[in-house]
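To keep things clear, I will list the structure first and then write my remarks on it.
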Protein chains: 2
Amino acid sequence: MTTRIEYTNHDHDTCIHAALERAAEICYARGQRLTALRKQVLELVWHSHKPVGAYDVLAMLSKGQDRPAAPPTVYRALDFLQEQGLVHRIASLNAFIGCSCPDTPHVGIFLICEKCRTTRELAHEVGGEASLLPIQDLADSTGFQTRGALVELTGLCPACQLEKADA
Amino acid sequence: MTTRIEYTNHDHDTCIHAALERAAEICYARGQRLTALRKQVLELVWHSHKPVGAYDVLAMLSKGQDRPAAPPTVYRALDFLQEQGLVHRIASLNAFIGCSCPDTPHVGIFLICEKCRTTRELAHEVGGEASLLPIQDLADSTGFQTRGALVELTGLCPACQLEKADA
DNA sequence: CTTGCAAAGATATAATATAACATCCAGAGC
DNA sequence: GCTCTGGATGTTATATTATATCTTTGCAAG
């Protein structure tokens with residue numbers, strides 16, 4: 001038995017559906033409005049487990065529309081979703097990914113596959129947040145007052161390690 | 001006694017000079033060419049202990065020139081300096097900062113002050129690299145093969161904590 | 001001296017993000 | 001129902017960051 005998320009051969013519709021439902025609950029509980037647009041953007045971000053660029057969202061949003069949406073439309077929605085902790089921004093990719101644990105605020109710890117770009121969030125795994133403590137302690141010891149953090153590891157996900165062996 | 005770097009009231013010319021000298025040694029030892037342009041860009045990045053944008057470097061580089069330099073000039077120099085480990089890129093700021101410990105390759109751990117933007121690299125402090133181990137272990141335990149990392153903490157540096165108390 | 005190659009110059013454009021102002025629309029209070 | 005208000009969205013323009021591509025330069029080995 002494992003808590004590992006299987007990114008291949010899973011029913012991703014379930015991921016999306018669950019994420020949207022939880023987002024609705026969270027926003028309702030906080031008195032925030034998950035409007036149709038914001039919901040749609042969230043759904044598009046959840047389209048895969050790979051970070052998606054703002055302009056990718058924009059393109060998906062505009063597909064089949066008479067008038068394509070403009071960048072601020074997407075960026076505003078993404079800002080809202082970030083404020084609510086529903087998506088994270090991956091700084092090293094200028095891209096966004098859905099948060100699978102939006103209930104509690106946390107700093108993200110991400111594992112980004114260099115090959116397939118599938119990205120997994122570690123922060124809320126068992127010991128996830130705790131793993132930051134040594135760094136925080138070191139920062140504290142220099143007198144720095146930490147308020148936010150960004151941790152992004154790049155490498156190869158299990159699936160791509162196998163593929164690499166093939167090649 | 002402390003190993004803490006004092007960023008205020010220090011002779012920054014010494015920092016710059018030392019960085020340039022060490023860079024020259026490193027490049028020579030590796031058979032890499034620290035050309036005049038690359039050296040100048042490195043010096044401009046070292047202009048302060050705050051990350052500096054590529055276009056800031058570009059502006060400084062062009063000041064007083066007949067023809068201003070073009071972006072690729074700066075980006076190429078920065079790419080070279082990054083490859084040699086002489087500067088780091090701060091992803092959350094789209095900016096660059098001189099590495100104070102370029103002799104050995106390492107992942108950067110940065111403390112970025114939200115107020116004055118002064119940025120300090122922790123990676124090579126005592127226990128710096130080691131502080132990443134719990135995260136690496138966690139990543140390993142998921143089967144992820146880490147090849148690179150990015151750690152950026154934001155908050156308030158000691159000096160700005162005092163100022164904030166004043167205000 | 002010429003040839004080969006890395007570095008730098010030059011031009012154009014791609015990709016990401018925000019500023020500023022106009023309009024819309026849902027809900028509160030009358 | 002009406003109107004007022006404030007947040008959300010639309011619209012236009014532009015700022016900021018980064019790269020592709022081709023040309024030219026300069027230096028060093030043969």
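Naming: A, B, ... by sequence-line order, numbering from 1 per chain.
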B/S/- contact track for nucleotides 8-21 of chain D, protein heavy atom under 4.0 Å: SBBBB----BBBBB

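The backbone N or O of R117(A) lies less than 3.5 Å from a partner atom in the side chain of T119(A), making a donor-acceptor pair. In terms of modelled atom types and a separation under 3.5 Å, the side chain of S62(B) and the main chain of A69(B) share a donor-acceptor contact. Judged by distance alone, with hydrogens and angles left aside, the side-chain atoms of K39(B) form no donor-acceptor pair with the main-chain N or O of L20(B) at under 3.5 Å.
Straight-line distance from the CD1 atom of I90(A) to the P atom of dT16(C): 15 Å, rounded to whole Å.
Contact annotation: the side chain of L37(B) approaches that of L61(B) to within less than 4.5 Å [non-hydrogen atoms, C-beta and beyond].
Taking the six-membered ring for Trp and thresholds of 30 and 60 degrees, H49(B) and H12(B) have ring planes more than 60 degrees apart, a perpendicular arrangement.
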